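This report concerns only the one structure given below.
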Amino acid sequence: MDYLQLPESITEKSTPGGQILAESKQRSSSDNINSPQTSDNTCIPKDFSCIYNKDLLPALRGEDTTKSFFQELVNILLSYVCKSFRRSSKVLDFHHPHQLREGLEGFSLELPDQPDNLEQLLVDCRDTLKYGVKTGHPRFFNQLSSGLDVIGLAGEWLTSTANTNMFTYEVSPVFILMEEILLRKMQEIVGWSEEEGDGVFCPGGTMSNLYSVLLARYHFFPEVKTKGMTALPRLILFTSAHSHYSVKKSAAVLGIGSDNVVVVKCNDRGKMITAELESSIITAKDQGCVPFYVNATAGTTVYGAFDPLNAIADICESHGLWLHVDAAWGGGLLMSKRHRVKLQGIERAWSVTWNPHKMMGAPLQCSAILVKKRGLLKDCNQMCAEYLFQTDKHYDTSYDTGDKTIQCGRHVDVFKLWLMWKAKGSEGFESQVNKCLENAEHLFDKLKQRPDFELVFKSEPEHSNVCFWYIPPSLRNMSPGPERNRRLHEVAPKIKAKMMEQGMAMIGYQPLGDKVNFFRCVFSNPATQTEDVDYLLEEIASLGHDICIRTETDL
């Protein structure tokens with residue numbers, strides 16, 4: 001049977017759980033899609049109201065029912081994928097938590113004692129997608145990770161089908177080799193030599209950053225592995241005021257303490273001030289502390305700023321400190337000849353965090369910690385569990401990577417990225433990155449021309465982050481000052497609430513330092529076009545035009 005041909009959807013039926021896939025039925029009729037058949041031309045059952053999980057594989061004679069169930073599920077998934085790219089569809093169908101908990105149109109989150117039939121499960125699958133957020137929608141600007149890459153999605157499906165683990169070569173031979181090849185490619189792009197480099201894929205950038213602190217501490221104080229923090233002096237690490245909060249979290253988790261993270265001042269553009277870093281290091285030494293680690297950020301979360309990596313590397317070399325570059329967001333720019341200059345000096349880092357699930361568009365999660373010193377990951381984390389890492393295996397056990405990690409079991413995050421790289425090539429990723437930054441440049445140029453918007457800073461964006469305020473008519477004639485700031489602070493949340501209720505676009509906002517709430521638009525979705533950027537501005541202006549914020553005297 002041709003599995004690329006969609007089957008006719010199952011008929012609409014009333015069940016104890018609600019009505020089944022009326023939308024899918026209408027789609028099937030209009031598309032004139034044939035009913036699925038087995039290899040011996042017998043019809044696959046389409047009525048799932050009396051079929052249960054026990055009737056699927058590995059049940060005896062469960063193959064045809066399983067095929068039919070999967071085909072119907074594929075219908076639901078493909079419908080969702082198509083809607084995600086359709087601008088006329090909503091980014092989200094918003095409901096408050098209490099509404100979802102209480103149940104909507106037969107969709108219940110409660111868990112039953114008796115099994116539901118497969119018809120209800122298909123309804124649940126459809127509704128789970130219906131009430132979620134379409135992060136692949138061209139007008140989803142809310143997070144650094146967005147987009148829906150079809151090849152990456154196919155890779156994720158295959159990964160879940162294989163359902164294996166990344167700790168030993170014996171259970172994951174192909175994926176282990178793929179990870180090695182991917183890591184080597186990324187290390188090469190960073191600028192390390194063939195003799196250098198190690199790494200591992202992690203469950204997100206926070207864990208990658210945690211690895212960097214863990215490795216730096218072990219490098220300087222290997223006794224910490226057995227004796228703990230009581231055997232060490234008071235350690236100090238440094239990061240910028242605009243860096244990701246995971247650096248402080250890592251210090252807390254590892255027993256160093258968040259109070260021992262020195263936050264270095266940034267300039268108005270969000271870049272670490274290197275003179276402040278040097279001064280902070282000297283101060284810490286004078287206080288009898290031991291500086292050991294500096295985190296530089298390549299692409300800050302809010303402003304998209306790039307710290308001056310070469311200048312920071314000079315300071316780290318002068319004081320003998322570990323330099324980590326958090327390029328979770330900015331690492332994708334290494335794929336672009338035009339933009340990789342913004343990460344000049346990254347090759348001097350001792351470790352690098354790079355999240356392909358952000359700018360490169362890989363499905364979540366896909367994050368790597370790259371380490372310059374080969375063997376350090378294993379020395380730091382190895383526990384030699386004999387039930388997994390036997391030394392007398394009949395193959396090269398250096399490919400048993402599990403002892404390099406904090407985890408035991410590890411999800412396969414490499415295949416989707418490997419498959420995407422095969423599909424796009426390095427040149428395809430370069431074009432994708434360039435397009436996202438061109439969208440940011442377009443938004444920046446539009447904002448400069450509009451009197452109803454105000455940029456948070458006047459310089460062109462380095463990354464795809466663009467930060468701005470919408471100024472409603474009620475505030476346009478107000479003089480700068482505390483009262484205007486107080487009222488402006490309330491504008492973005494009010495617009496965001498309206499936007500989520502309408503559901504046609506989604507964008508984030510936040511305050512930062514002395515800056516009151518502003519919008520942060522980020523581009524990492526290759527499906528986004530300039531028309532979507534223009535739509536966003538008109539949507540914000542439309543929703544915010546009539547906003548009136550009460551003055552202090554009205555309260």
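Counting begins at 1 with the first residue of the sequence. Bear in mind the structure is a predicted one, so any value in this text is a computation, not a measurement. Atom set for the values below is all heavy atoms of this structure, side chains included, hydrogens, waters and symmetry mates excluded.
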- Using the side-chain hydrogen bond (donor to acceptor under 3.5 Å, both in side chains) rule, take S250 and N209 through it: C-alpha gap first, then chi angles, then the decisive distance, then the call. CA-CA 7 Å; S250 297; N209 285 343; over 6 Å; no

From CA spacing to verdict: side-chain contact (heavy atoms from CB on, under 4.5 Å), F523, F141:
CA-CA 6 Å; F523 299 95; F141 308 100; 3.6 Å; yes

Open item on the list: Run N434 and R338 through side-chain hydrogen bond (donor to acceptor under 3.5 Å, both in side chains) and show every step you take.
Closed with: CA-CA 8 Å; N434 288 344; R338 175 184 170 192; 5.3 Å; no

CA sep, side-chain torsions, deciding dist, call: H324, S351, side-chain hydrogen bond (donor to acceptor under 3.5 Å, both in side chains): CA-CA 5 Å; H324 174 67; S351 57; 2.7 Å; yes

- Item | Test side-chain contact (heavy atoms from CB on, under 4.5 Å) applied to L333 and L437, step by step | CA-CA 9 Å; L333 271 62; L437 271 75; 4.1 Å; yes

Can you check side-chain contact (heavy atoms from CB on, under 4.5 Å) on R269 and Y303, steps first, answer last?
CA-CA 7 Å; R269 188 57 186 81; Y303 281 3; 3.6 Å; yes

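Listed by chain and residue number, nothing satisfies the salt bridge (Lys or Arg N to Asp or Glu O under 4.0 Å) test with E180 (two or more places apart in sequence, or in another chain). H319 is linked by a side chain to side chain donor-acceptor pair (under 3.5 Å) to E278, K285, counting only residues two or more places apart in sequence or in another chain. Listed by chain and residue number, K393 satisfy the salt bridge (Lys or Arg N to Asp or Glu O under 4.0 Å) test with D400 (two or more places apart in sequence, or in another chain). Under the rule for a salt bridge (Lys or Arg N to Asp or Glu O under 4.0 Å), K342 has no partner lying at least two apart in sequence or in another chain. Partners of R520 according to the salt bridge (Lys or Arg N to Asp or Glu O under 4.0 Å) rule, which considers only residues two or more places apart in sequence or in another chain, do not exist here.
In this structure a side-chain-to-backbone donor-acceptor pair under 3.5 Å is missing from N295 to L323. Checked by atom type and distance alone, the side chain of R217 pairs as donor or acceptor with a backbone atom of L254 at under 3.5 Å. The backbone N or O of Q120 lies less than 3.5 Å from a partner atom in the side chain of N117, making a donor-acceptor pair. Panel note: side chain K404, backbone G199; a donor-acceptor pair is recorded below 3.5 Å. Under a 3.5 Å cut-off, the side chain of S172 and the backbone N or O of T164 do not form any donor-acceptor pair. Of the possible polar contacts, none joining the S68 side chain to the T65 backbone as a donor-acceptor pair under 3.5 Å is found. The closest donor-acceptor contact from the side chain of S84 to the backbone of Y80 lies under 3.5 Å. The closest donor-acceptor contact from the side chain of N355 to the backbone of S367 lies at 3.5 Å or more, if one exists at all. Side-chain atoms of S243 come within 3.5 Å of backbone N or O of S240 as a donor-acceptor pair. When atom types are taken as modelled, the side chain of N142 and the backbone of G508 share a donor-acceptor pair closer than 3.5 angstrom.
Look at R348 and E317 and you find a salt bridge, because one of the NZ, NE, NH1 or NH2 atoms lies within 4.0 Å of a carboxylate O, short of that distance. Between E462 and K271 there is a salt bridge, since at least one side-chain N of the basic residue sits less than 4.0 Å from a carboxylate O of the acidic one. Ionic pairing of K378 and D198 is not present here: no N-O contact between side-chain nitrogen and carboxylate oxygen is shorter than 4.0 angstrom. With respect to E63 and K67, a salt bridge is recorded, a charged nitrogen being found less than 4.0 Å from a carboxylate O. Salt-bridge check for R410 with E179: passed, with a basic side-chain N closer than 4.0 Å to an acidic carboxylate O. Looking at R61 and D55, no side-chain N of the basic residue comes within less than 4.0 Å of a carboxylate O on the acidic one, giving no salt bridge.
Put simply, the residue from T239, V294, T297 that forms a side-chain contact (heavy atoms from CB on, under 4.5 Å) with D307 is T297. For the pairing with D149, the side-chain contact (heavy atoms from CB on, under 4.5 Å) check across K424, K416, M360 returns one residue only, K424.
Side-chain N/O atoms of T353 and D326 include no donor and acceptor closer than 3.5 Å. When only modelled atom types and interatomic distance are considered, N75 and Q71 share no side-chain donor-acceptor pair under 3.5 Å. Side-chain contact of T301 with H244: a donor-acceptor pair under 3.5 Å is absent, judged by distance alone. In summary, the side chains of S193 and E196 do present a donor paired with an acceptor at a separation below 3.5 Å, with no hydrogens or angles considered. Residues S146 and T135 bring no donor and acceptor atom of their side chains to less than 3.5 Å of each other.
No more than 12 heavy atoms of other residues, nucleotides or ligands shown are found within 6.0 angstrom of CD on E386. The neighbour count for D259 CG, taken as heavy atoms of other residues, nucleotides or ligands under 6.0 Å away, does not exceed 12. Crowding of R374 atom CZ: a count of heavy atoms from other residues, nucleotides or ligands under 6.0 Å exceeding 12. Remark: K435 NZ is packed, more than 12 non-hydrogen atoms of other residues, nucleotides or ligands lying under 6.0 Å away. Shown here is F70, whose CZ atom has no more than 12 heavy atoms of other residues, nucleotides or ligands within 6.0 Å.
Taking the six-membered ring for Trp and the full ring otherwise, the centers of F429 and W421 sit less than 6.0 Å from each other. The ring of F85 has its center no closer than 6.0 angstrom to the ring center of H137. Between F107 and Y131, the ring center distance clears the sub-6.0 Å criterion.
Taking the six-membered ring for Trp and thresholds of 30 and 60 degrees, Y169 and Y399 have ring planes inclined between 30 and 60 degrees apart. Ring geometry, H463 versus W329: the interplanar angle falls under 30°, so the pair is classed parallel (tilted spans 30 to 60°).
The stretch residues 367-394 participates, sequence neighbours left out, in no ring-ring contact (aromatic ring centres under 6.0 Å, His included) pair at all.
Nearest heavy-atom pair, V325 versus A298, reported as atom, atom and distance to 0.1 Å: CG1-CB, 3.9 Å.
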